[in-house]
Amino acid sequence: MNTAEAVRAWVSGWSVSRGTAEPAPTTWGFTIDVGLPGHVARHVLTTADEAAVRKITESATAPGVWLKAPVAPEVLEPWLGLGWSLAGGPGFLMSAPLIAARSQAPPEAADGYRSRRWTRAGVTRVLVRTGDGAFAARGQIAVAGPTAVVDQVETAPAHRRRGLGRLVMRTLAEAAASQGATEGTLVATPEGRTLYETTGWQTLTPLTGAVRD
């Protein structure tokens with residue numbers, strides 16, 4: 001899967017995961033109506049296109065419009081128009097095959113934790129809680145054709161380094177593989193990237209966000 005294909009796959013699954021409008025294809029990528037007060041719409045570029053970034057950010061003047069491009073922050077920032085700024089921190093588009101997850105036994109929660117998995121409207125969610133019911137970790141995955149997009153993986157600070165991130169990722173991968181997905185994509189933070197690389201995920205490209213203030 002090349003970068004442009006991975007971005008397209010990620011856009012398709014991300015829109016399902018977040019319950020947005022169907023992504024609208026453009027000459028440079030996609031526009032997605034998100035519908036949140038601080039995130040009205042999102043433009044996602046499939047290639048490093050400086051001219052497209054400049055045109056989008058010069059014409060989009062309403063607040064709450066976001067942009068994602070497959071370039072590093074230091075490359076994207078000089079391309080942005082007036083009123084735009086980098087947002088969300090450095091991101092990395094990653095991919096991994098999911099076929100192997102089918103042959104693995106369903107993962108079990110670590111001692112002192114319990115996990116639950118459910119699927120609604122095409123999105124599988126995993127929640128890990130402590131024995132007394134407090135939040136410990138979570139994540140979700142959306143299947144869009146042969147590709148599944150992992151989204152919103154989070155572990156509470158007090159419960160990190162206990163294998164919960166791995167538990168969530170393995171559970172999500174198994175769920176997506178059981179639905180026929182063969183490839184996974186996600187966008188990782190620098191900290192998440194380290195975790196995912198230890199479980200077989202590979203970095204394809206930086207994916208940097210910006211927002212109209």
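Residue indices begin at 1 and follow the sequence shown.
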Minimum heavy-atom separation for Gly29 and Thr46, please, with both atom names.
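Looking at all heavy atoms of both residues, the shortest contact is CA-CG2, 4.0 Å.
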Taking every non-hydrogen atom, the tightest pair across Gly38 and Trp66: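 Heavy atoms of Gly38 and Trp66 come nearest at O-NE1, 3.0 Å.
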**Arg116 atom CZ, neighbour heavy-atom count above 12 within 6.0 Å** =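 Atom CZ in Arg116 is not packed in, count stays at 12 or less.
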- Task: Take Thr130 and Asp132 through the test side-chain hydrogen bond (donor to acceptor under 3.5 Å, both in side chains) and record every step on the way to the result.
- Result: CA-CA 5 Å; Thr130 62; Asp132 61 2; 2.4 Å; yes
Give the table of side-chain donor-acceptor pairs shorter than 3.5 Å for residues 6-15, with sequence neighbours excluded, one pair per line with atom names and distance.
unit_1	atom_1	unit_2	atom_2	d
Ser15	OG	Val11	O	3.3
Ser15	OG	Ser12	O	2.8

- Item | Shared-cluster residues of Trp118, by chain and number - hydrophobic side chains joined below 4.5 Å |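 Hydrophobic cluster check, Trp118: joined to Leu127, Phe135.
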Q) In the hydrophobic clustering (ILVMFWY, side-chain contacts below 4.5 Å, transitive), which residues join Ile56, or is it alone? A)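 Trp28, Leu45, Val53, Val65, Leu67, Val71, Val75, Leu76, Trp79, Leu80, Trp84, Leu86, which link up through side-chain heavy atoms under 4.5 Å apart, make up the rest of the cluster.
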I need the [X] [atom1] to [Y] [atom2] distance, nearest 0.5 Å.
{"X": "Thr185", "Y": "Leu93", "atom1": "OG1", "atom2": "CG", "answer": "6.5 Å"}
{"X": "Arg160", "Y": "Leu195", "atom1": "CZ", "atom2": "CG", "answer": "11.0 Å"}
{"X": "Ile141", "Y": "Thr171", "atom1": "CD1", "atom2": "OG1", "answer": "10.5 Å"}
{"X": "Arg125", "Y": "Arg120", "atom1": "CZ", "atom2": "CZ", "answer": "8.5 Å"}
{"X": "Lys68", "Y": "Arg42", "atom1": "NZ", "atom2": "CZ", "answer": "5.5 Å"}
{"X": "Asp49", "Y": "Lys55", "atom1": "CG", "atom2": "NZ", "answer": "10.5 Å"}

Are a donor atom and an acceptor atom from the side chains of [X] and [Y] found within less than 3.5 Å of each other?
{"X": "Gln140", "Y": "Ser17", "result": "yes"}
{"X": "Thr198", "Y": "Arg166", "result": "yes"}
{"X": "Asp33", "Y": "Thr20", "result": "no"}

**Asked** What pairs with Arg193 under salt bridge (charged side-chain N to carboxylate O under 4.0 Å, His left out), at least two apart in sequence or on another chain?
**Response**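 Listed in chain order: Glu197.
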| said: So, using salt bridge (charged side-chain N to carboxylate O under 4.0 Å, His left out) as the criterion, who are the partners of Glu77 when residues are at least two apart? | reply: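 For Glu77, no residue satisfies salt bridge (charged side-chain N to carboxylate O under 4.0 Å, His left out) once neighbours in sequence are set aside.
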Measuring only between side-chain heavy atoms, which start at C-beta, is Arg212 closer than 4.5 Å to Thr57?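 The answer is no, as the side chains (C-beta and beyond) never meet within the 4.5 Å cut-off.
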Q. Is a donor on one side and an acceptor on the other found under 3.5 Å between the side chain of Glu5 and the backbone of Asn2?
A.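 Looks like yes, one N/O pair under 3.5 Å.
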Practice prompt. Determine, stepwise, if the pair Glu50 / Arg54 fulfils salt bridge (Lys or Arg N to Asp or Glu O under 4.0 Å).
Written response: CA-CA 6 Å; Glu50 178 181 357; Arg54 291 188 180 277; 2.9 Å; yes
Can you list the steps and then say if Thr155 with Arg138 is a side-chain hydrogen bond (donor to acceptor under 3.5 Å, both in side chains)?
-> CA-CA 7 Å; Thr155 302; Arg138 68 164 180 166; over 6 Å; no
For Tyr113, which residues count as a ring-ring contact (aromatic ring centres under 6.0 Å, His included) partner, sequence neighbours excluded?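 By the ring-ring contact (aromatic ring centres under 6.0 Å, His included) rule, Tyr113 matches His159.
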